Amino acid sequence: MLRRLSSLFLRTLRDDPADAELPGHTALVRAGYIRRAGSGLHSWLPLGYVVYRKVEQIIREEMDRMGAQEVHFPALLPREPYEATGRWEEYGDTLFRLQDRRGNDHLLGPTHEELFTLLVKDLYSSYKDLPLSIYQIQTKYRDEARPRAGLLRAREFVMKDSYSFDVDDAGLGASYEQLRAAYIATFDRLGLDYVIVDAMSGAMGGSRSEEFLCPTPVGEDTFVRSPGGYAANAEAVATPVPDPLPYDDVPTAHVEDTPDTPTIATLVDHANAHLPREDRPWTAADMLKNVLVMLTYPDGTRTPLAVAVPGDRDVDDKRLAAQVEPARVEPFTDADFDANPALVKGYIGPAALGEDSASGVRYLADPRIVEGTRWVTGANEPGRHVFDLVCGRDFTPDGTIEAAEVRDGDPAPDGSGPLEIARGIEIGHIFQLGRKYAEALDLKVLDENGKLVTVTMGSYGIGVSRAVAAIAETTVDELGLCWPRIVAPADVHLVIAGKDEQVVAAAEQLAADLDAVGLDVLLDDRKASPGVKFKDAELIGIPTIVVVGKRLADGMIEVRDRASGDRDEVAVDSAVDHLVEICRS
RNA sequence: CGGGGUGUGGCGCAGCUUGGUUAGCGCACCUGCUUUGGGAGCAGGGGGCCGCCGGUUCGAAUCCGGCCACCCCGACCA
């Protein structure tokens, strides 16, 4: 394929667009790959669409290779199936809803579990038909509260979503492993760096869920990893539980006056000024912080929850939310305090917490708060705190909860070293759904004993448009885009640097020759100055830039590597062979 | 949804406080000449209901009110 820049539907921009904030997104717009059509909506221009299709095709090939079969659903869907699984309501404002002329509710599919499940139900009814993996590459719609970061968080985006169907858990496990292997192969081919992280805490049973995160500071997901190879989503990190401590020589708990100390910082200052420790100064880590939240369940029930964390840590809202799902976490309001007179704002302590206490509020503690740990905490009276309160002796929480923030340097749960906190773009997610959708939509098959069994499912997604963005964000440099060859919009960017007839003729001939041997060529045959062409070539980011110009007088052309900036001089006569070698190796 | 901000040719921006000729600049685009190895020069040109609606006024891009859109921070986000 030979494309000419003189006629390509392309206009590069010299200035950064005002609304692009990420370097890769900025470059995609400046280089003429995408245009914003609306908030969270993007149009693909010719160069961008070539890259998009290459990424899509690699994903498709790897899905086909593992035996999944491609189908295609509508993006516009009827309400009923989503009503049946409860997601018409659960999805909330993120769901794009619309009505047809008869007033019937429809939605633009945010994900297609329901449709896949129903399709299999329509056609299959025997264990002999399973296992089955089917997938589609489909435009998805989510009315994001705040679209941002270009293609990374859009309202319309393309996702490859696939689903596996098995009769039993062992089958689901095998299907999951197959998909996992296919994802590894896919991202390896795409040249995308990735980390596979646990997306769910082990406490939640057999369901496995892992995310493929592309590590980059511009990513929206926070994860942790250790030198020993442990990696997990921040929500899923388990805290190693310390051994119990002896507490025989800890004094009896005693209440002290600590006026005007409603926060940890003020309490530490007061304690050091008026009640100094014998061995060392008090720190926030000596304080027991009790945080109240209100949980709201899908059925509307509201229940308060108290979470205890060491005073030097904050509660991580996302980790807490993951632990209490499906309940939603809401702040504990002044009205809630009024309704619970046993709770004294700013001075809440364990004595007033717990299912058997005066307040009756369920009290869950960070796993670090083990038997024998010694704390300073609220005395449930304004201006007073309890000192030397020992866990297991003076109070016992109702249970533990993983809600404290994870910090750089925290130990990995598997002993593989200190955790490092990093950011990543979620480019893939694999998930053992289990029987949730099969049950809701009654997908059953007959097993070998002639008994009806509910099918168990897995769901597996790759963001196609997001993968393009992730590649751009992780390869962009100060000059512009810098595509891995496998997804680049062409193999060679051929710059005609000069208006001399011999130069033009030689470049045209070279372009034709490269085209003839099957390389994709972007030929810059515009009447622009060499400087403009070089800048654009760097911005567009095709991996190999060939310059036919003044050195042609000596029978030489220049071959540049976009990524490294390396330049070679090559004889025109051997240019085709040389470039084939570069592009095919 | 809370907070902040911005809407002026395709892109980036000035003008608005203090209302008053034909609304301006850079890039991009068109024509001509010169130029051609790192975003060229000169000359000439085309392109705008100044986000929308209403109000004040002799007169509104500019002042007032309402609405809409978009962006940023946060909340939210299989």
Side-chain angles (χ1 to χ4, degrees), chain A residues 9-22 25-26 29-32 35-41 45 82 85 87 90-95 109-114 116 140-150 152-155 157 159 161-163 199-200 207 209-211 220-222 233 235 317-318 321-322 325-326 328-331 426 428-433 436-437 457-463 466 479-480 495-500 503-504 524 526-539 545 547-553 557-558 560 565 567:
Chain A
F9 183 51
L10 172 81
R11 186 112 301 152
T12 57
L13 305 179
R14 197 174 292 199
D15 297 320
D16 287 348
D19 57 357
E21 71 263 39
L22 302 183
H25 179 217
T26 302
V29 175
R30 278 192 57 209
R35 296 290 287 179
R36 203 181 70 89
S39 181
L41 305 172
L45 277 55
Y82 286 76
T85 57
R87 292 212 295 181
E90 274 175 28
Y91 238 100
D93 292 337
T94 305
L95 198 62
T111 171
H112 281 70
E113 279 81 358
E114 283 81 352
F116 274 88
K140 307 283 184 176
Y141 296 87
R142 292 184 194 174
D143 193 359
E144 294 283 354
R146 180 146 102 80
R148 68 183 96 175
L152 286 181
R153 175 80 76 85
R155 295 198 295 174
F157 58 98
M159 181 163 80
D161 55 328
S162 50
Y163 303 86
M200 201 181 286
S207 267
S209 176
E210 289 168 297
E211 289 174 357
E220 294 197 307
D221 281 22
T222 304
N233 192 307
E235 283 91 325
D317 294 338
K318 289 185 176 183
E325 246 197 318
R328 290 174 55 86
V329 177
E330 284 161 17
E426 182 185 345
H429 194 167
I430 54 179
F431 185 38
Q432 295 192 1
L433 276 182
K436 175 181 173 181
Y437 292 92
M457 296 168 54
S459 135
Y460 317 90
I462 293 180
R466 182 179 274 189
L479 298 174
V495 173
I496 306 178
K499 57 175 184 178
D500 183 271
V503 167
V504 173
D524 194 346
R526 298 175 299 176
K527 293 181 171 54
S529 70
V532 171
K533 293 183 175 187
F534 295 150
K535 289 288 186 197
D536 275 348
E538 283 146 1
L539 181 60
I545 299 167
V547 182
V548 179
K550 62 184 183 188
R551 296 286 288 119
L552 186 70
I557 61 163
E558 189 177 321
R560 303 181 184 179
R567 304 180 180 194

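Letters go in sequence order (proteins before strands), and every chain restarts at 1. Everything quoted here is computed from the prediction, not taken from an experiment.
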Rounding to a whole Å, what distance do you find between [X]:[atom1] and [N]:[atom2]?
X        : N      : atom1 : atom2 : value
A:Glu211 : B:rC77 : CD    : C1'   : 12 Å
A:Leu539 : B:rG38 : CG    : C1'   : 14 Å
A:Leu10  : B:rG10 : CG    : C1'   : 13 Å
A:Ile557 : B:rG37 : CD1   : C1'   : 15 Å
A:Leu479 : B:rG39 : CG    : P     : 13 Å
A:Lys527 : B:rC30 : NZ    : P     : 11 Å
A:Asp19  : B:rG12 : CG    : C1'   : 11 Å
A:Leu41  : B:rA69 : CG    : P     : 13 Å

- Message: If I pick the C1' atom on B:rA69 and the same atom on B:rG51, what distance separates them, to the nearest angstrom?
- Response: 7 Å
Output the single nucleotide from [options] whose closest atom is nearest the side chain of [X].
X        : options                : result
A:Asp317 : B:rG37, B:rC76, B:rC70 : B:rC76
A:Ala145 : B:rG38, B:rC76, B:rC70 : B:rC76
A:Arg146 : B:rC11, B:rC73, B:rG37 : B:rC73

Establish whether the base of [N] is bridged to the side chain of [X] by a donor-acceptor pair shorter than 3.5 Å.
X        : N      : value
A:Arg148 : B:rG74 : no
A:Arg153 : B:rC77 : yes
A:Arg567 : B:rG38 : yes
A:Arg526 : B:rG39 : no
A:Glu538 : B:rG38 : yes

- Looking only at side chains, do A:Asp143 and A:Tyr141 share a donor and an acceptor under 3.5 Å apart? no
- Return yes if a side-chain donor-acceptor contact under 3.5 Å exists between A:Thr12 and A:Asp536, otherwise no. yes
- Does A:Lys140 reach the main-chain N or O of A:Gly109 with its side chain, forming a donor-acceptor pair under 3.5 Å? no
- Query: Does the pair A:Arg87/A:Glu114 count as a salt bridge with the N-to-O cut at 4.0 Å?
  - Reply: yes
- Check ion pair A:Glu220-A:Arg148 (N to O, under 4.0 angstrom): yes
For [N], give the paired nucleotide (Watson-Crick: N1-N3 plus N6-O4 or O6-N4; G-U: N1-O2 and O6-N3; both under 3.5 Å), or none.
N      : answer
B:rG39 : none
B:rC58 : B:rG20
B:rG26 : B:rC11

Is [X] touching bases, backbone alone, or none of the nucleic acid, heavy atoms closer than 4.0 Å?
X        : result
A:Glu558 : base
A:Thr94  : nothing
A:Arg466 : nothing
A:Gly461 : nothing

- Task: For the residue pair A:Phe431 and A:Glu211, establish whether any side-chain heavy-atom pair is separated by less than 4.5 Å.
- Result: no
- Which residue, A:Pro147 or A:Thr111, contacts RNA chain B at a nucleotide closer to its 5' end, judged by nearest heavy atom? A:Pro147
- Item | Which residue lies more 5' along RNA chain B, comparing A:Pro530 with A:Ala18 via nearest heavy atoms | A:Ala18
- Task: Compare side-chain N and O positions of A:Arg36 against OP1 and OP2 of B:rC71 and report whether any pair is under 4.0 Å apart.
- Result: yes
- Note on the structure: 5' to 3', nucleotides 24-29 of chain B under a 4.0 Å protein heavy-atom cut-off (B base, S sugar-phosphate only, - none) gives --BSSS
